[in-house]
A.B. asks: 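After the structure tokens below, expect a handful of questions from me.
Hydrogens, waters and symmetry mates are skipped; everything else that's a heavy atom, side chains included, is used. Just follow the structure's listing: the first ligand is 1, and inside any ligand the first atom is 1.
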Amino acid sequence: METQTATTNEEQNRQTYPFSLPPLGYDFDALAPFIDAETMELHHDKHHQTYVDKLNDALKDQADLQKHSIEELLAQIDSLPDAVKSAVRNNGGGHANHSMFWTIMEKNENGKPSGELAEAIDRDFGSFEDFKEKFNDAGVKQFGSGWVFLISNGSKLEIKSMPNQDTPLMQGVTPIMGNDVWEHAYYVTYRNRRPEYLKQWWNVVNWDEVQKRFEANNK
Ligand code: MN3
């Protein structure tokens, strides 16, 4: 919304109904050539906005549910009324996933994790190169639309692919990072070549932000 000042991630996480589209935080062409400006504009302003609008529409008569953050709604997805369950799962999941996605990207050619995150990646996947290969492989193998996430399972890092807009938040787990493998995320530049998009995407990972999410997860 134009009149709002930019919200921080934490404020975004505490937000309740009516949900709003978080600002992208950088220009549409900031990730080019790895992700083109047209893709970013459509993806943020149209796709994500639609998830927000449909989520708000689904909750408009649900006074009790309007008090909850998106994380709380998704964590209790199985017990939500049938009338709103699919809408919250698909559009609420879409809102949460994309809100994370915008913040974990910046142009960062050949960037790599450092510190404790780098150590944990080496420990659980062998090396950063092995981690990227396994993550990309999970993205290629995700049939149809979906996401690939890095999550912390106890003290171990794990790669998890999920269909559609499903999210680890549905199991109460906050993803450390995730990549969108819906065609709308890459079709303009990469056409049907998802493996190439997955490979190039590592040039736009904001490792400082991912590191923060990793630390928040391990608190
Ligand atoms: Mn998307």
Side-chain angles (χ1 to χ4, degrees), residues 7 9 12-13 15 19-58 70-71 73-74 77 86-108 135-151 159-171 173-206 209-210 213:
T7 52
N9 287 338
Q12 190 71 32
N13 290 345
Q15 193 180 48
F19 294 97
S20 62
L21 182 68
L24 185 58
Y26 40 83
D27 293 338
F28 294 127
D29 65 358
L31 306 179
F34 306 109
I35 302 181
D36 62 89
E38 183 187 351
T39 295
M40 290 304 292
E41 183 168 8
L42 283 169
H43 203 174
H44 179 268
D45 287 11
K46 304 294 182 195
H47 289 283
H48 190 170
Q49 182 70 62
T50 301
Y51 297 126
V52 170
D53 292 345
K54 288 186 172 172
L55 174 64
N56 286 334
D57 190 53
I70 191 61
E71 285 77 12
L73 288 168
L74 288 163
I77 192 76
S86 307
V88 172
R89 181 173 181 171
N90 294 327
N91 298 296
H95 176 45
N97 285 337
H98 289 86
S99 296
M100 178 258 323
F101 192 54
W102 313 130
T103 67
I104 61 151
M105 293 195 290
E106 69 171 359
K107 199 158 161 189
N108 187 14
F135 192 96
N136 290 356
D137 190 51
V140 169
K141 285 181 178 154
Q142 172 56 45
F143 182 74
S145 298
W147 287 77
V148 189
F149 298 101
L150 177 67
I151 60 167
I159 292 165
K160 191 175 175 66
S161 59
M162 300 183 83
N164 304 312
Q165 295 296 349
D166 283 3
T167 159
L169 291 168
M170 288 162 34
Q171 282 91 48
V173 174
T174 304
I176 295 166
M177 65 187 287
N179 192 4
D180 187 343
V181 301
W182 284 57
E183 277 191 349
H184 68 221
Y186 60 84
Y187 198 81
V188 173
T189 294
Y190 300 97
R191 297 299 166 185
N192 60 322
R193 302 186 303 275
R194 187 191 288 182
E196 196 183 325
Y197 159 70
L198 282 158
K199 208 171 144 203
Q200 295 297 334
W201 184 73
W202 297 103
N203 289 305
V204 296
V205 176
N206 180 342
E209 187 60 30
V210 174
R213 296 179 63 90

A.B. asks: What N/O/S atom of His98 is the closest to the Mn ion (ligand 1)?
C.D. replies: NE2
A.B. asks: Ignoring hydrogens and angles, state whether a donor on the side chain of His48 or Trp102 is under 3.5 Å from an acceptor on the partner side chain.
C.D. replies: yes
A.B. asks: Classify the angle between the aromatic ring planes of Trp201 and Phe101 as parallel (below 30°), tilted (30 to 60°) or perpendicular (above 60°).
C.D. replies: parallel
A.B. asks: What angle sits at the Mn ion (ligand 1) between NE2 of His184 and NE2 of His43, to 10°?
C.D. replies: 90°
A.B. asks: Can you tell me if Lys107 has over 12 outside heavy atoms packed within less than 6.0 Å of its NZ?
C.D. replies: yes
A.B. asks: Among side-chain atoms of Ser20 and Gln15, is any donor-acceptor pair under 3.5 angstrom?
C.D. replies: yes
A.B. asks: Looking at Asp180, which of its N, O or S atoms is the nearest one to the Mn ion (ligand 1)?
C.D. replies: OD2
